[in-house]
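Here the structure comes first, spelled out in structure tokens, and everything after it is commentary.
Starting from 1, each residue takes its place in the sequence as its number.
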Amino acid sequence: MESAGYYTNCKKTDGICEGICDGEHGSKAVLSMSRLKCALRGFDLKALLFLLIGVPIIIFVIYVHGQKVTYFLRPIWEKPPKPFTVLPHYYHENVSMANLCKLHGWKVREAPRRVFDAVLFSNELDILDIRWHELSPYVSEFVLLESNSTFTGLEKKLHFKENRQKFEFAESRLTYGMIGGRFVKGENPFVEESYQRVALDQLLKIAGITDDDLLIMSDVDEIPSGHTINLLRWCDDTPEILHLQLKNYLYSFQFMLDDKSWRASVHRYRAGKTRYAHYRQTDDLLADSGWHCSFCFRYINDFVFKMKAYSHVDRIRFSYFLNPKRIQHVICQGADLFDMLPEEYTFQEIIAKLGPIPSTYSAVHLPAYLLEKVDQYRYLLPGNCMRESG
């Protein structure tokens, strides 16, 4: 049948929609609304609301917190690594070196080994100063390599070269190198990192390292204690490779996360065999051997720079993570800059570390130079969380 220039098809009716086509009169809009009501009559209203509101909310939550869900479920899909063999560490300033070596099951040498401390440098000037003063009495040669490129391919200043005069105390024992960045867009940051570590191997040869010299492999902010290095240079029969257990601090020495930092290592150098690396190379771990102070910067700008520059740049999921006010708040709370869950392998450990890191107010057994220069480095001590905007 035809009505007002349009057609309605009423060949079939059912019990639900019967009556929509009973009348031939009415506007097209009214008829369309009637058909919509008829169609919706067959749907559950709750199910419809879930599709329209619930599904978008779930998608948004997954987008915002998907990484947290993945980290929380990590114990299901990833097994923990093989445990280290932890070697007891004995030390007291009033105990002779002969007795210290004996306590560890080693023999004392007639003369200490030479020690080479090699690092890749980015912009951690204050931490480098504290590190080198801690190790200075025991290190034969400091080896430092810096690049005009970050691991993520960003151009950066040669911060050490520009501030070299601040490290005059180490100048006579310093082998410095600079390597140009490759600036490959879209490349995995770990490729550039590996490229720079290979270059550091070559710089060590220029520095004159030879067989059985001790080589410290660690990032600038992974600081072995001086007495640990002194022990290893004076004792014979030590392991060829030994990882160092460091206390993990975040932002300053106020927030101690745990004592599970292990990537720092000390090697008895072997030409053609020893390669500078930052991964697990042995099962032996010497207990309580120093400090790892991650993101321990004076200036907020340095936090922003490192977040964008280091190999885990993918953790910046939202641009507001880089907001200076947010960063300052996170530092004082002892929270996570990237809003991540703890990287652990058991639900018990994950749950135990949820939330901000509790503050510690002990400044005992920290690097000596940090305490000697308290006016200069007060921001790294407990109770001083405010940072400069510089």
Quiz item: Under the salt bridge (Lys or Arg N to Asp or Glu O under 4.0 Å) criterion, do Glu192 and Lys156 qualify, and how do the steps go?
Solution: CA-CA 14 Å; Glu192 177 66 25; Lys156 77 172 188 69; over 6 Å; no

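- For His227 and His89, the ring centers sit closer than 6.0 Å to each other.
- When each of Arg109, Lys107, Lys102 is tested with Asp236 by the rule salt bridge (Lys or Arg N to Asp or Glu O under 4.0 Å), just one qualifies, namely Arg109.
- Between Glu344 and Lys353 there is a salt bridge, with a side-chain nitrogen of the basic residue lying less than 4.0 Å from a carboxylate oxygen of the acidic one.
- One finds a salt bridge joining Lys306 and Asp221 here, because a Lys/Arg side-chain nitrogen approaches an Asp/Glu carboxylate oxygen to under 4.0 Å.
- Remark: the Ser362 side chain and the Thr360 side chain contain no N/O donor-acceptor pair separated by less than 3.5 Å.
- Relative orientation of the Phe303 and Phe295 rings is parallel, given thresholds of 30° and 60° on the angle between their planes.
- Between Asp288 and Tyr91, the side chains place no donor N or O within less than 3.5 Å of an acceptor N or O (distance only, hydrogens not considered).
- Judged by the 6.0 Å and 45° rule, Arg317 forms no cation-pi pair with Phe338.
- Atom NZ of Lys373 has 12 or fewer heavy atoms from other residues, nucleotides or ligands within 6.0 Å.
- Salt-bridge annotation for Arg270 and Glu240: present, with a side-chain N of the basic residue lying under 4.0 Å from a carboxylate O of the acidic one.
- A cation-pi arrangement is present between Arg280 and Phe84 under the rule of less than 6.0 angstrom and at most 45 degrees off the ring axis.
- Between Phe321 and Phe318, the ring-plane angle classifies as perpendicular under the 30° and 60° cut-offs.
- Ring geometry, Phe167 versus Phe169: the interplanar angle falls from 30° to 60°, so the pair is classed tilted.
- Using cut-offs of 30° and 60° for the angle between ring planes, the His133 and Tyr369 rings count as parallel.
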